[in-house]
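Read through the structure below, which is laid out as structure tokens, and then see the notes.
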Amino acid sequence: MAEDSDLERTEAPSQRRLEQAREEGQVARSRELNTFTLLGAAGIGLWLAADGLRDSFARLLRTALSLPASLIADTGAMMRTFESLAMEAAIAIAPLLGVIFVVALVSPMLLSGWLVSGKAFSPKFSRLNPIKGLSNIFSKTGLAELGKAIGKVILIMGVAAWVTWGQVEATMGLVIEPLPAAIVHGARIMGVCFLAVVGSLALIAAIDVPFQIWHHHSQLKMTREDLRQEAKEQEGDPQVKAQIRSQQREMARKRMMDAVPKADVVIVNPTRYAVALRYDESKMRAPRVVAKGMHLIAGNIRELAETHRVPILTAPPLARALYRHADVGDEVPAALYAAVAEVLAWVFQLRRHATYGGNAPIVPASIEVPAGLDPEEVAAS
């Protein structure tokens, strides 16, 4: 049962899934909204520009019908006249076409914003599969589209019939009106009918937009396995990350061990802690911790120090304090300067003794650490 639930698309799409779908050109689109805005803009534009278009086309019609016979017989002159009239007609209707063109570009952005995706134009041979096409027709989406189309036809035809029936008397009265007034009145009647039909499309768009948003999210729903896989891809496979961290720790440990032979002194607990210090007066402001470790690592540091003849000093409080308050690569804390200086003084005496001979320096018996720096002292208190 758990495996079945993992394979069911019950989870809302993640933000990454939505972004991937958008990159592929899969966004919520409403053709009904586009149709409504386009026809509405065309209707309003015609209504506002009606007087100007009427005057322009009336003038063009008078010009075309009053051409002299000599011009009609001249083919070249007729072509030039036709080009001139066509250009004037194009100029007259250009503002309306421009508005319709802009609305046609902007209307798809009302729902999902501006989107240009090359993947949307790439061929998908699965669309040529007739079996899949038939299954889409009889799917829930296909049936919903069919129901929407039937409802749209019924609504538009009903509104058109209702408005037309209401304009019957006005339409019949056009017969007794003068021709110019009848043309204007008839155009207004057709405009009212057109805008009424466009208004019915507003209701269809208001229903279709939420449906398309819901349908888009429904198609992008994910299974629980998809969510887990996406989390692995974003955050990385936990096993791989653990292996990487392990390798990083191993490399850091190797670099640390490589620094032990170059250390000036190793301070031990004697077996639980080991901290290696190095001090180069010309390059360092204060001594630095080049290696540290506990238990097995502390034993390895000590063995390397013995192999490469690095001085080893047993000073438990100082070893614990350095291990607790300084990481590898850090300078010794200022509070421990005095204690570390005492250790380095002993190291320099050892070097002088190895070079010039004489009495061996006395090994510091106890090196005091300021109160609050020794973790065992703090734990005991």
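Remember, predicted model here, so these are calculated numbers, not experimental data.
F36 has its side chain within reach of V198: a pair of non-hydrogen atoms, C-beta onward, lies under 4.5 Å apart. Side-chain contact between P261 and R309 is absent, with no heavy-atom pair separated by less than 4.5 Å. Taking 4.5 Å as the limit, some side-chain heavy atom of L344 sits within range of a side-chain heavy atom of P287. Annotation: side chain of L33 is not in contact with side chain of D208 (no heavy-atom distance under 4.5 Å). Residues M257 and L304 form a side-chain contact, since some pair of their non-hydrogen atoms from C-beta on lies under 4.5 Å apart. Using a 4.5 Å cut-off on side-chain heavy atoms (C-beta onward), S200 and V197 make contact. Using a 4.5 Å cut-off on side-chain heavy atoms (C-beta onward), F194 and L39 make contact. Between W162 and W165, every side-chain heavy-atom pair lies at or beyond the 4.5 Å cut-off.
The shortest non-hydrogen separation linking L85 to A64 is CD1-CB, 4.1 Å. Residues E331 and A326 share a closest heavy-atom pair of O-CB, 4.3 Å. Scanning all heavy atoms of the two residues, the minimum distance from A286 to Y337 falls at CB-OH, 3.5 Å. Annotation for V369 and A321: closest pair CG1-CB, 4.0 Å, computed over non-hydrogen atoms. Scanning all heavy atoms of the two residues, the minimum distance from D264 to V347 falls at O-CG1, 3.6 Å. Nearest heavy-atom pair, V290 versus A263, reported as atom, atom and distance to 0.1 Å: CG2-CB, 4.0 Å.
Look at D374 and R324 and you find no salt bridge, because none of the NZ, NE, NH1 or NH2 atoms lies under 4.0 Å from a carboxylate O. Under the 4.0 Å criterion applied to side-chain N and carboxylate O atoms, E250 and R253 are assigned as salt-bridge partners.
For the atom pair CD1 (I213) and OG (S218), the distance works out to 13.5 Å, reported to the nearest 0.5 Å. R302 contributes atom CZ, which lies 12.5 Å from atom CD1 of I267 (distance to the nearest 0.5 angstrom). Here the CG atom belonging to L61 is positioned 12.5 Å from the OG atom belonging to S56, to the nearest 0.5 angstrom. Rounding to the nearest 0.5 angstrom, the gap separating the CZ atom in R320 from the CZ atom in R272 is 8.5 Å. With rounding to the nearest 0.5 Å, the separation of CZ in R80 from CE in M78 is 11.0 Å. The line from NZ of K152 to CD1 of I154 is 12.5 Å long, rounded to the nearest 0.5 Å.
V275 and I367 end up in the same hydrophobic cluster when Ile, Leu, Val, Met, Phe, Trp and Tyr side chains are linked at under 4.5 Å. The cluster map of Ile, Leu, Val, Met, Phe, Trp and Tyr, joined by side-chain heavy atoms under 4.5 Å apart, puts I312 and M294 in different clusters. At a threshold of 4.5 Å between side-chain heavy atoms, the hydrophobic network of Ile, Leu, Val, Met, Phe, Trp and Tyr places Y323 and V266 in two separate groups. Put simply, V268 and V343 are part of two different groups of oily side chains (I, L, V, M, F, W, Y) that touch within less than 4.5 Å, one to the next. Note on W346 and L277: same hydrophobic cluster, where clusters join Ile, Leu, Val, Met, Phe, Trp and Tyr whose side-chain heavy atoms are under 4.5 Å apart, directly or indirectly.
Remark: side-chain polar atoms of T35 are paired, donor with acceptor, to backbone N or O of R31 under 3.5 angstrom. Proximity of a side-chain donor or acceptor of T355 to a complementary backbone N or O of R351 within less than 3.5 Å is detected. With H353 contributing its side chain and Q349 its backbone, the two residues share no donor-acceptor pair below 3.5 Å. Looking only at distances, no side-chain donor or acceptor of N269 sits under 3.5 Å from a matching main-chain atom of A319. Under a 3.5 Å cut-off, the side chain of R288 and the backbone N or O of D330 do not form any donor-acceptor pair. A donor-acceptor pair is defined here as one N or O able to donate and one able to accept, closer than 3.5 Å; such a pair exists between the side chain of H325 and the backbone of L373. T37 places a side-chain N or O within 3.5 Å of a backbone atom of N34 that can act as its donor or acceptor partner.
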Verify salt bridge (charged side-chain N to carboxylate O under 4.0 Å, His left out) between D327 and K292, making sure each step is shown before the conclusion.
CA-CA 8 Å; D327 292 327; K292 72 173 187 176; 3.3 Å; yes
Evaluation steps, side-chain contact (heavy atoms from CB on, under 4.5 Å), between K254 and M251:
CA-CA 5 Å; K254 186 178 184 302; M251 293 173 63; 5.6 Å; no
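Other residues, nucleotides and ligands contribute at most 12 non-hydrogen atoms within 6.0 Å of the CZ atom of F101. Crowding of N359 atom CG: a count of heavy atoms from other residues, nucleotides or ligands under 6.0 Å not exceeding 12. Within a 6.0 Å radius of CZ in F57, more than 12 heavy atoms belonging to other residues, nucleotides or ligands are found. A 6.0 Å sphere centred on CD of E368 holds no more than 12 heavy atoms belonging to other residues, nucleotides or ligands. The environment of CE in M284 is crowded: more than 12 heavy-atom neighbours from other residues, nucleotides or ligands sit within 6.0 Å.
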